[in-house]
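The figures that follow rest on heavy atoms only: side chains count, while hydrogens, waters and symmetry mates do not.
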Amino acid sequence: MVKKRNTADVGFEERIWSAADVLRGNLDAADYKNVVLGLIFLKYLSDSFNERYQELVDEGEGFEEDRDFYVEENVFYVPEEARWEKVSGSAHTPEIGLAIDAAMRAIERENEALEDVLPKNFARPELDKRRLGEVVDLFTNIDMTEHAEGKDLLGRAYEYCLSQFASLEGKNAGEFYTPSCIVRTLVEIIQPFKGRVYDPCCGSGGMFVQSGAFVERHGGNIRDNITVFGQESNPNTWKLAKMNLGIRHIEADLSTYADTFFDDRHENEKFDYILANPPFNMNDWGGDKLQDDKRWKYGIPPEGNANFAWMQHMIWHLNSHGRMGMVLANGSLSSQSSGEGEIRREIVEADLVEGIIAMPDKLFYSTPIPVCLWIVNKDKKQPGETLFVDAREMGAMVSRRLRELTDDDIAKIADAFEAFRNGELEDQPGFCKAATLEEIEKQGFVLTPGRYVGIKPEEDDGEPFEEKMARLTCELSKCFEESNRLQEQIKKNLEAIGYGV
């Protein structure tokens with residue numbers, strides 16, 4: 001049986017967060033985020049370097065300071081002044097901030113891929129140096145490479161801290177973080193095992209991290225099986241992505257930060273897989289300046305909402321057998337305003353929509369509203385049909401404000417798509433149904449899953465109908481009797497104080 005887990009099931013990651021949390025002080029969440037994640041990344045770089053350094057020492061050829069011998073193994077070269085043992089030597093001095101900043105600059109000089117990526121503001125006065133030194137000590141005293149999961153431990157710590165910052169930043173969290181259970185659901189359905197993976201609004205790179213994890217779970221190698229392409233318009237979020245992918249040994253073409261609609265850095269590229277969580281209902285995307293864009297094959301998206309601009313951008317970038325999964329606001333399933341209904345109809349009639357999933361509420365830190373997942377496929381295994389899944393009742397609350405899908409939930413949804421593609425799906429009222437284009441047309445091309453899957457049947461409790469009705473009638477009679485008794489008691493109480501009814 002698959003273990004049900006959620007992000008509350010942490011150990012080392014939580015210790016990192018608890019220790020680093022003492023740094024918060026007067027820093028706002030965005031600055032604090034750069035400090036904590038920057039330290040995790042610096043420790044990762046140093047541990048990776050040291051592991052390769054020892055390998056070269058053991059070989060005895062004298063190449064341990066030769067940068068090329070690190071690059072060939074996809075390891076960042078860390079100059080002597082930036083190595084953790086050098087930095088940690090200043091942990092209990094007022095100069096610890098200066099030492100970390102100097103280390104970050106030295107690493108950037110030696111590694112072109114990290115140029116202008118690492119945070120370099122640890123020396124600022126508002127960052128408590130005593131507490132900073134304590135956090136450095138924590139990293140020093142735990143050797144990341146001793147653990148069975150190796151350097152992935154730091155990757156998990158990075159992911160966990162990203163989720164904690166998403167919680168702190170609330171409504172701004174969507175700019176850099178998509179909850180991992182949503183990403184894993186998309187990845188398990190899209191199955192990006194071999195080929196080119198693209199995310200046009202990649203945030204901190206979570207879609208790529210989970211794609212890499214999918215490849216490894218299925219016996220593949222990230223470097224050999226997938227090639228990653230992405231774009232992000234926010235420079236600080238772009239830097240988070242560069243570090244997040246670096247810590248996972250995922251090479252990615254993220255170019256530089258730029259607006260995807262106006263400066264498409266992969267304009268002429270086609271991809272096997274696209275995974276994305278674009279900004280919901282974006283109303284200031286500049287659509288009035290892109291009326292004649294070649295990407296709008298199914299209709300000009302409205303200036304006041306970019307949902308179908310994102311969708312058509314991604315469809316345009318799919319190759320002839322490509323498939324994509326994207327997160328959208330539920331309005332995309334039914335809206336008729338500003339031509340959105342017509343665009344949706346065109347996409348459905350082109351037989352591109354393989355599946356729609358209605359998700360439960362409270363999955364995001366940034367909004368409590370439920371969302372939906374669109375699965376688009378240029379090479380559908382079941383032409384003329386679309387799978388509808390209603391997952392609104394799934395998931396478990398892990399805090400007062402946050403719900404997560406369990407591993408079992410994700411597997412159930414992914415298994416439905418697998419069965420659908422194999423022609424083995426059995427419709428389950430209240431959960432899933434494969435609908436034809438004709439059925440969708442009868443619904444006016446509204447794609448809300450509840451319209452198709454119906455209602456889950458009541459479970460038979462085994463009590464015969466006549467006996468159940470007799471029992472319920474008796475219980476109702478007793479309720480009436482109690483109600484009458486309480487009414488009489490209230491009347492008496494009112495009369496006693498001079499207020500007869």
Side-chain angles (χ1 to χ4, degrees), residues 12-50 53 76-144 151 153-155 157-162 164-166 168-169 172 176 204 234-244 246-247:
F12 172 78
E13 303 98 302
E14 194 171 40
R15 290 177 59 196
I16 290 288
W17 174 258
S18 297
D21 199 31
V22 303
L23 290 172
R24 196 185 319 187
N26 296 323
L27 298 179
D28 63 36
D31 287 339
Y32 173 46
K33 179 171 64 197
N34 291 330
V35 169
V36 174
L37 297 177
L39 278 177
I40 292 175
F41 191 61
L42 180 60
K43 175 61 172 169
Y44 160 78
L45 292 178
S46 191
D47 279 6
S48 297
F49 173 86
N50 286 343
Y53 183 93
F76 292 107
Y77 180 77
V78 179
E80 187 173 355
E81 66 270 28
R83 294 169 194 171
W84 190 262
E85 56 269 25
K86 183 78 170 181
V87 172
S88 62
S90 302
H92 299 291
T93 72
E95 288 74 40
I96 180 59
L98 291 170
I100 296 173
D101 286 345
M104 297 292 194
R105 292 190 184 94
I107 290 169
E108 287 190 344
R109 284 195 302 270
E110 291 288 344
N111 299 276
E112 185 179 348
L114 296 178
E115 184 178 355
D116 198 30
V117 168
L118 306 183
K120 298 174 286 291
N121 52 4
F122 289 82
R124 69 189 123 161
E126 60 267 31
L127 185 55
D128 187 304
K129 302 305 182 292
R130 178 183 61 80
R131 290 177 174 176
L132 178 59
E134 290 174 356
V135 177
V136 169
D137 273 351
L138 171 72
F139 282 97
T140 301
N141 294 331
I142 299 178
D143 183 355
M144 310 298 172
K151 289 183 285 296
L153 195 66
L154 273 175
Y158 193 96
E159 168 74 11
Y160 178 73
C161 289
L162 270 177
Q164 296 305 301
F165 284 116
L168 282 179
E169 296 193 36
N172 295 322
F176 65 89
S204 56
N234 184 303
N236 290 324
T237 305
W238 176 81
K239 292 175 184 179
L240 292 182
K242 294 281 282 186
M243 289 192 290
N244 196 15
I247 214 168

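Of all heavy-atom pairs between Ser90 and Ile96, the closest is O-CB, 3.3 Å. Closest heavy-atom contact between Ala82 and Val87: O-CG2, 4.1 Å.
With rounding to the nearest 0.5 Å, the separation of CD in Gln164 from NZ in Lys33 is 13.0 Å. The line from CD1 of Ile100 to OG of Ser88 is 10.0 Å long, rounded to the nearest 0.5 Å.
Between Phe165 and Tyr32, the ring-plane angle classifies as perpendicular under the 30° and 60° cut-offs.
Although no hydrogens or angles enter the test, the distance criterion places a donor-acceptor pair under 3.5 Å between the side chain of Asp101 and the main chain of Phe122. Judged by distance alone, with hydrogens and angles left aside, the side-chain atoms of Arg83 form a donor-acceptor pair with the main-chain N or O of Val78 at under 3.5 Å. Checking side-chain atoms of Glu108 against main-chain N and O of Leu118 turns up a donor-acceptor pair under 3.5 Å. Using modelled atom types, no side-chain atom of Asn244 and backbone atom of Glu159 make a donor-acceptor pair closer than 3.5 Å.
When side chains are defined from C-beta on, Leu39 does not count as touching Lys43, because their heavy atoms never get closer than 4.5 Å.
We find that Glu95 and Lys129 are not joined by a salt bridge, their nearest charged nitrogen and carboxylate oxygen being 4.0 Å or further apart.
With ring centers used as reference points, Phe49 lies under 6.0 Å from Tyr77.
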